[in-house]
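See below for the structure under consideration.
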Amino acid sequence: MSPDRQLRWERDACGIGFVADRSARSSRAIVDAGLEALCRVKHRGALASDERTGDGAGVLLPLPHQLLGIDERSGVAMVFVDPRRERRAREVIETACGLEGLRVERWREVPADAGALGAAAARSKPGVIQAIVTRPVGTDVDEGERRAFRARRRIEQRVLAEGLHAYVVSFSFRTITYKALCAADRLAEFYTDLADERCEAWFAIFHQRFATNTAPTWERAQPFRFVAHNGEINTIRGNVAWMKARAGRLGASDVAPEELLRPVVDDRGSDSAILDEALELLTRGGRGITHAMSMLVASPWEDAAGANQEVADFFHYHSCLLEPWDGPAGLVFTDGRRVGAALDRNGLRPLRISICDDGLVACASEAGAVPTRGHGRVFRTKLGPGETFLLDPDEGGIQCDPEIKTRLARRRPYGDWLREHLTTASSGTPVAAEADDVTARQVAAGVTKEEVTVVLRPMATDAQEPTSSMGDDTPQPPLATFARPVFAFLKQRFAQVTNPPIDHLRERHVISISTRLGPRDHLLHERPEAAALREYESFLLFPDAVAGLLADGGVALDTTWAASAGAGGLAPALVQLTEAAKEAASGGARHLVLSDEAVGKERVAIPIALAAGAVHHALVAAGMRTRVS
């Protein structure tokens, strides 16, 4: 394929990166380099038929104090508003800031040239305003950031309650985000601030979006407040569900009242926006930006050859607190004091890094995005799976893997905490069963002869999954001519737009069947007791292992109902089951064991997937899900 033709079809992922000065020296040259790099990844986005409306593009910069005429005590809220209700939006913002001790000194209409937009983007264009705020005398920047975080959460809750069309793009005493629904090379034309010589910075994060699993909107353009993301979070639905399950039990009293953190994340946003919110929550909760990023986008550690034991203990401990957010994902991030990049443990999104003699540091999703000619000798490298790169001018400049992870691992005695509190439990011993009993239970569970012959028997005899055709001409369960089990209605969800097939090498490192059971600790705390779980090498437990769970504060819940009640007995049985689950959880149970052991001629079993789902969602709604496994 010719280079021109190949470039024409290179539209499979967002363009991301950053440009920075190693010594944190602000200059106009850094902004120009960031804007030029953004233009060079224009092909990573798509254009509407008007050839100007893009998927979204933006830059994240340190606050340009000279441009905005502000001092070190000032912060800026960048806001998209509905021009028809702008006055009310301003009132909501001023009230929220006032409740956090922040004073709105003045409002600024952000200069914007609508001529740089396409027709589709112009029709949906919001008003763009900035609130210039000051923090109280005697408070530092970190306290200002926490107050701005709480004020933004108040704004979002009020906006949601009133149905206002207002979106806080960024609100910080350190950084600001300029983004729009435009093509990459039109951003500086639209925001004239970016073309102003007084707009200087020591770093610039840039992003050209390629919309895959969500439609382009002004709000979904990137960067967000901390992150620019290239790829997809495959596990996003599960991640969102677990973040919601933690609502009310975050341990956030030092960060914000728990009621301000509802919802914990906004599931109306894209996967990138939700990841950004989770990263912000952990960072505002007291963890450093690399610590928070390593918790969310974990490195491979369970079966990694030659892994540092301290680092493995770090990730092992945090697996007791938080589930991984898996990609493929390339990320560039900042908290305003440092800027960095990370790759998920699949390693399927390239991130190229250039370090120049004169202090220029560049990272991008492809080589050549950031011009380095004229900056002296250039050292080039790239991130590998699960690796992180950081530029921290306050802590010695450039940091790379494994230095970053080793430093994090030595913050606390994570290995000692695991050895003291984590219980390594056995999956139990297989048991013999009478053939008649097995057959009856298979019939009750809806297991077919075909499944036994084609699936189970090869697995039992060969110790591996059977190989078969990818084709499936089975009718969808709602259209089948006979009743299908509930499991037949369930399908794995994942972002398949740009995923290559997983290979056996990556599979060994990134896919795990180890299982941890027990109440989860508050996410924003870091203490030894968080590791007090039972860990199994597999998700499959034999009866004596289940008995061990019951002995460790477990409660068994019967998932059957009287056959005499007929089909109408299912709904009352589910209600009774969920009420029993909530009562057990509130009574201090550590584990709930859902059992259909009583099934027989007189007892009918609730399909176990339905029973587990009902109990899970009932506990989430009651705010008790993380108290019990």
Side-chain angles (χ1 to χ4, degrees), residues 235 275 278-279 282-283 285-333 335 338-349 351 353 363 381-392 395-424 505-516 520-521 523-533 535 537:
T235 56
L275 173 66
L279 178 63
L282 292 174
T283 304
R287 292 180 172 91
I289 187 78
T290 51
H291 188 171
M293 183 62 72
S294 296
M295 287 178 65
L296 290 165
V297 186
S299 299
W301 61 272
E302 287 190 74
D303 294 313
N308 181 309
Q309 187 57 49
E310 289 179 309
V311 173
D313 289 341
F314 169 85
F315 286 109
H316 195 174
Y317 168 82
H318 286 94
S319 71
C320 299
L321 272 175
L322 189 69
E323 60 288 336
W325 297 51
D326 268 333
L331 300 143
V332 289
F333 58 87
D335 60 1
R338 48 187 77 85
V339 62
L343 205 60
D344 80 296
R345 56 189 177 176
N346 291 283
L348 300 173
R349 285 290 182 272
L351 282 175
I353 298 168
C363 173
T381 185
K382 64 180 180 180
L383 289 186
E387 291 186 348
T388 304
F389 174 86
L390 187 71
L391 174 57
D392 185 350
E395 294 290 338
I398 292 172
Q399 300 174 25
C400 304
D401 258 70
E403 174 194 355
I404 294 171
K405 304 292 170 54
T406 302
R407 181 178 296 189
L408 288 173
R410 291 176 178 172
R411 292 182 62 258
R412 300 281 189 271
Y414 297 111
D416 293 341
W417 291 356
L418 290 167
R419 286 184 285 274
E420 181 180 355
H421 294 280
L422 185 68
T423 300
T424 301
L505 296 174
R506 288 184 174 89
E507 184 177 26
R508 184 172 69 245
H509 295 311
V510 307
I511 296 179
S512 170
I513 59 173
S514 64
T515 302
R516 284 164 283 279
R520 298 305 173 109
D521 200 18
L523 181 61
L524 299 183
H525 289 168
E526 188 176 37
R527 52 193 180 189
E529 295 79 9
L533 301 177
E535 185 172 65
E537 64 179 9

Rounded to the nearest 0.5 Å, what's the gap from [atom1] on [X] to [atom2] on [Y]? Could you check?
X: S294; Y: K405; atom1: OG; atom2: NZ; value: 4.5 Å
X: L418; Y: C320; atom1: CG; atom2: SG; value: 6.0 Å
X: L282; Y: L296; atom1: CG; atom2: CG; value: 5.0 Å
X: D313; Y: D416; atom1: CG; atom2: CG; value: 8.5 Å
X: L331; Y: L275; atom1: CG; atom2: CG; value: 6.0 Å

Side-chain donor or acceptor of [X] paired with backbone N/O of [Y] under 3.5 Å:
X: T235; Y: D326; answer: yes
X: N346; Y: L348; answer: no
X: Q399; Y: E395; answer: yes
X: D344; Y: A329; answer: yes

Discussion item. Within the structure provided, determine whether F315 and S299 are in side-chain contact (heavy-atom separation under 4.5 Å).
Written reply: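 Yes, their side chains come closer than 4.5 Å.
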Worksheet item: R338 versus D335: any side-chain heavy-atom pair under 4.5 Å?
Response: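 The answer is yes; the side chains approach within 4.5 Å.
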What heavy-atom pair brings [X] and [Y] nearest, and what distance separates the two atoms?
X: Y317; Y: A530; answer: OH-CB, 3.4 Å
X: E526; Y: R287; answer: CB-NH2, 3.9 Å
X: V332; Y: A341; answer: CG1-CB, 4.0 Å
X: L391; Y: I398; answer: CD1-CG1, 4.0 Å

Practice prompt. Describe, in one word, how the ring planes of F314 and H291 are oriented to each other, choosing from parallel (under 30°), tilted (30 to 60°) and perpendicular (over 60°).
Written response: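 Plane angle between 30° and 60°, so tilted.
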Worksheet item: Do F333 and L390 pass the side chain to side chain contact (heavy atoms under 4.5 Å, CB included) test, and can you show the C-alpha distance, the side-chain angles, and the key distance before you say yes or no?
Response: CA-CA 9 Å; F333 58 87; L390 187 71; 4.1 Å; yes
Discussion item. Tell me whether E537 at atom CD has more than 12 heavy atoms from other residues, nucleotides or ligands lying less than 6.0 Å away.
Written reply: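 Not more than 12 within 6.0 Å, no.
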Worksheet item: Less than 4.0 Å between a side-chain N and a carboxylate O, is that true for R527 and D521?
Response: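 Between R527 and D521 there is a salt bridge, with a charged N closer than 4.0 Å to a carboxylate O.
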Practice prompt. Decide side chain to side chain contact (heavy atoms under 4.5 Å, CB included) for E535 and T515; before the verdict, give the C-alpha distance in whole Å, the side-chain angles of both, and the deciding distance to 0.1 Å.
Written response: CA-CA 6 Å; E535 185 172 65; T515 302; over 6 Å; no
Worksheet item: Among R411, R410, R412, which one satisfies side chain to side chain donor-acceptor pair (under 3.5 Å) with Y414?
Response: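 Running side chain to side chain donor-acceptor pair (under 3.5 Å) over R411, R410, R412 with Y414 returns exactly one hit, R411.
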